[in-house]
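All of these numbers come straight from a predicted model, not from anything done at the bench.
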Amino acid sequence: MKLPLPHCSLLLLALLLLEGCYSKQSDQRPNIVLIMADDMGYSDLGSYGSEIQTPNLDRLAEEGMRMTQFYNTAKCTETRATLLTGLYFQQTDNLLQPDNNVTLAEVLKENGYQTLMSGKWHLGNWEEEIGTPNQRGFDHYFGFLGGAINFFTGLDYGTGRNYMRLDQEEYKVPDDFYSTDNFTSHALTQVSEAAQQDQPFFLYLAYNAPHYPLQAPEENIQKYRGRYQIGWDSLRQQRLQKMHDLGIIKEQWQLSPRDTLAPAWESLSEHEQQEEQALMEVYAGMVDRLDQQIGRLLHHLDSLGIADNTLIMFLSDNGGCPFDANRTPDIAPGPAQSRRTYDTEWAQASNTPFRKYKQWIHEGGIATPMIIRWPGQIAPNSITDQPGQILDMMPTLVEIASATYPKKYDGYEVLPMEGVSLLPIWQGNTLERERPLFWEYRGSRALRDGNWKLVGERGGAWELYNLANDRSEMNNLIDQEPDRAAQMIKTYDAQAKRVGARTTEEAIAMPLNQQDRYLYEDEKGSASGEE
């Protein structure tokens, strides 16, 4: 005999049904939500040292874990390829080579997950629409196939073409479009529909914020008017202190010196300072708006009653962007007409306390905030300094989803996963790695073995740092540790040859000039904005 429900339970059920919020999922494996920001630096969240208001991401940090030594690949496309395949991007040619890899979406879909995506794709050949999300395992897709977008019009930043898609169809943006908001709105719709099905879902929510151009609603910019009159030098010191207080970085790690291309704030005229402040005000508004939209998603998961069975992860695809693309000097940053960036000076503040930026494999290029919340599985308000790499996401999520990674897919032999599962770290244990961490992008390169990091920039010689004492990479120990360096170089070259990356000889032979360092230039030498 069925017992009557208490009146409060009946009322709650009625409200849930009325709102269309009642989840019907019977498969109790966790839902998985992976959120990626674009060109956001290591210290740009409140929970990682920032003055920018990010209460929703800070809430995730309080309710979950912060990884202080998590790494991307230093570049937009390459991070996405590595994330989705669990392979080095060189092995997949950024998903242009479909005959040796399988995506997270394809693996999870084959193992009973619904697969959803909203946001920036930037993989395959988006102009010819080869290797699009729907073709690579996502049941539903809304977003932008290219790399850089006008936030208000949805058109490609460089070409002016429309790469917005709703599944396979071209999407005409409405007049009130703002990409950060609309990516979220479609993700909420996808989640609502998925919650009514038996299976769990995987949502990949890839924002283009705060990637240039600097464009944000005025209400968000106003919150930060005057906030940055202290300048980048003082801001870096302010963030450094907060990071120490939060336990994000160690006291002995120094603040890297101001970049040689960045003037002292006090050397600027009052007019120059006002112009520079405006750039960071808009950037902060973009990060603020991003956090607000993530708040919408968190509220939605709560309203559906599925938050406790949903794993959420947040990270950035590379460090702060130093490109000097002031192509609209007469237009203030913020509106749809703006094509401004925030340049080297503020990018270094975003990457506090580290050296270098997007495209470099020094810490400023590859270190990202990494927040993980999984109620009942990950201890709240926990911090770990064990290193992890975006390469590890495939084996981690395969394990969490109780999935099977295939040896063959679509008739092709699939390369084995290169990373390791991070689940031991997330559950409070120690992870032992068999292989060092490895990176290479356009000649910038690194190998990390324990606390030792071998790193070199394009066209430059190797450097060696002990990250336990010197994560800011200030004290090069290459001459003091010649045997260690030689062995690490040998290991690097063997790995580079195995995965198709540039060897030491090839990387050092690549020229480095000012344009490569600080002005945006893609592989073809054009300024298309597809960065």
Side-chain angles (χ1 to χ4, degrees), residues 37 39-55 57-58 68 209-212 214 216 220-251 253-291 316 318-324 326 332-334 340-358 362-365 367-369 471-472 474 518:
D39 281 15
M40 194 190 76
Y42 183 75
S43 69
D44 280 333
L45 301 181
S47 53
Y48 277 78
S50 181
E51 72 295 332
I52 301 173
Q53 297 178 32
T54 56
L57 284 165
D58 297 346
T68 64
H211 191 293
Y212 63 76
L214 293 177
N220 298 107
I221 303 171
Q222 283 297 332
K223 291 177 65 174
Y224 298 94
R225 293 294 187 200
R227 177 63 184 83
Y228 296 102
Q229 61 186 351
I230 63 172
W232 42 71
D233 295 322
S234 293
L235 182 65
R236 294 180 72 218
Q237 291 287 349
Q238 186 181 89
R239 288 192 177 188
L240 180 73
Q241 185 58 54
K242 185 176 179 182
M243 296 170 88
H244 284 153
D245 295 342
L246 290 169
I248 296 298
I249 63 172
K250 296 180 180 179
E251 290 286 344
W253 294 346
Q254 302 177 44
L255 182 66
S256 60
R258 186 191 322 112
D259 192 287
T260 55
L261 293 187
W265 181 257
E266 295 303 324
S267 71
L268 302 182
S269 68
E270 182 178 354
H271 176 71
E272 289 172 330
Q273 289 183 354
Q274 290 174 347
E275 284 191 322
E276 293 290 348
Q277 287 179 57
L279 300 175
M280 191 62 189
E281 289 166 357
V282 178
Y283 180 86
M286 295 169 75
V287 175
D288 188 303
R289 188 79 173 201
L290 170 66
D291 182 80
S316 179
N318 47 249
C321 177
F323 305 140
D324 184 9
N326 296 332
R340 301 296 299 273
T341 67
Y342 75 162
D343 300 348
T344 306
E345 300 88 345
W346 294 117
Q348 191 169 25
S350 285
N351 294 339
T352 301
F354 303 132
R355 290 174 57 198
K356 302 296 184 182
Y357 317 92
K358 173 180 180 176
H362 288 76
E363 295 291 286
T368 172
R471 197 176 170 206
S472 302
M474 302 294 295
Y518 296 103

**Request:** Output, in order, the C-alpha distance, side-chain angles, deciding distance and verdict of side-chain hydrogen bond (donor to acceptor under 3.5 Å, both in side chains) for Asp291 and Thr54.
**Result:** CA-CA 5 Å; Asp291 182 80; Thr54 56; 4.7 Å; no
Examine distances only and state if a side-chain atom of [X] and a backbone atom of [Y] form a donor-acceptor pair shorter than 3.5 Å.
| X | Y | result |
| --- | --- | --- |
| Asp44 | Gly41 | yes |
| Ser256 | Phe354 | yes |
| Asp39 | Pro210 | no |
| Glu272 | Ser269 | yes |
| Thr352 | Ala349 | yes |
| Thr341 | Phe323 | yes |

**Item:** Working for side-chain hydrogen bond (donor to acceptor under 3.5 Å, both in side chains), residues Asp259 and Tyr357
**Value:** CA-CA 11 Å; Asp259 192 287; Tyr357 317 92; 2.9 Å; yes
**Item:** side chain to side chain donor-acceptor pair (under 3.5 Å) against Asp288, all qualifying residues, sequence neighbours excluded
**Value:** Lys223, Tyr224, Gln292
Mind checking whether [X] and [Y] have side chains closer than 4.5 Å, heavy atoms only?
| X | Y | answer |
| --- | --- | --- |
| Pro353 | Ser472 | yes |
| Asn351 | Lys356 | no |
| Cys321 | His211 | no |
| Pro322 | Asp343 | no |
| Met40 | Leu45 | yes |
| Pro263 | Glu345 | yes |

**Message:** Please enumerate all residues that pass ring-ring contact (aromatic ring centres under 6.0 Å, His included) together with Trp253, with sequence neighbours excluded.
**Reply:** none
Show the nearest heavy-atom pair for residues [X] and [Y], with the distance to one decimal.
| X | Y | result |
| --- | --- | --- |
| Lys242 | Gly49 | CD-O, 3.4 Å |
| Gln277 | Tyr228 | CG-O, 3.4 Å |
| Ala37 | Leu290 | CB-CD2, 4.0 Å |
| Ser50 | Ser43 | CB-O, 3.0 Å |
| Lys358 | Gly319 | CB-O, 3.6 Å |
| Ala216 | Gly285 | CB-C, 4.4 Å |

**Item:** Listed partners of Pro257 passing side chain to side chain contact (heavy atoms under 4.5 Å, CB included), at least two apart
**Value:** Met474
**Prompt:** Who pairs with Ala278 by side chain to side chain contact (heavy atoms under 4.5 Å, CB included), at least two apart in sequence or on another chain?
**Reply:** Glu281, Pro333
What distance do [X] atom [atom1] and [Y] atom [atom2] have between them, rounded to the nearest 0.5 Å?
| X | Y | atom1 | atom2 | result |
| --- | --- | --- | --- | --- |
| Ile221 | Arg289 | CD1 | CZ | 10.5 Å |
| Leu255 | Arg355 | CG | CZ | 12.5 Å |
| Leu268 | Gln274 | CG | CD | 11.5 Å |
| Leu57 | Ile52 | CG | CD1 | 11.0 Å |
| Leu246 | Asp58 | CG | CG | 9.0 Å |
| Glu275 | Arg340 | CD | CZ | 6.5 Å |

**Request:** Would you please name every residue forming a salt bridge (charged side-chain N to carboxylate O under 4.0 Å, His left out) with Arg236, sequence neighbours left out?
**Result:** none
**Message:** So, using salt bridge (charged side-chain N to carboxylate O under 4.0 Å, His left out) as the criterion, who are the partners of Glu51 when residues are at least two apart?
**Reply:** Arg239
**Message:** Checking Arg258 against Gln348 for the side-chain contact (heavy atoms from CB on, under 4.5 Å) test, could you report, in this order, the C-alpha distance in whole Å, the side-chain angles of both residues, the deciding distance, and whether it holds?
**Reply:** CA-CA 8 Å; Arg258 186 191 322 112; Gln348 191 169 25; 4.1 Å; yes
**Asked** Is it true that the side chains of Gln241 and Asp245 contain a donor and an acceptor less than 3.5 Å apart?
**Response** yes
**Message:** Less than 4.0 angstrom from a charged side-chain N to a carboxylate O is my criterion; do Arg471 and Glu363 meet it?
**Reply:** yes
**Prompt:** Do Leu214 and Leu279 pass the side-chain contact (heavy atoms from CB on, under 4.5 Å) test, and can you show the C-alpha distance, the side-chain angles, and the key distance before you say yes or no?
**Reply:** CA-CA 7 Å; Leu214 293 177; Leu279 300 175; 3.8 Å; yes
**Name of the residue among Tyr283, Trp265, Tyr342 meeting ring pair (Phe, Tyr, Trp, His ring centres under 6.0 Å) with Trp232** = Trp265
**Request:** Show the numbers, then the answer: is there a side-chain contact (heavy atoms from CB on, under 4.5 Å) between Asn220 and Met286?
**Result:** CA-CA 7 Å; Asn220 298 107; Met286 295 169 75; over 6 Å; no
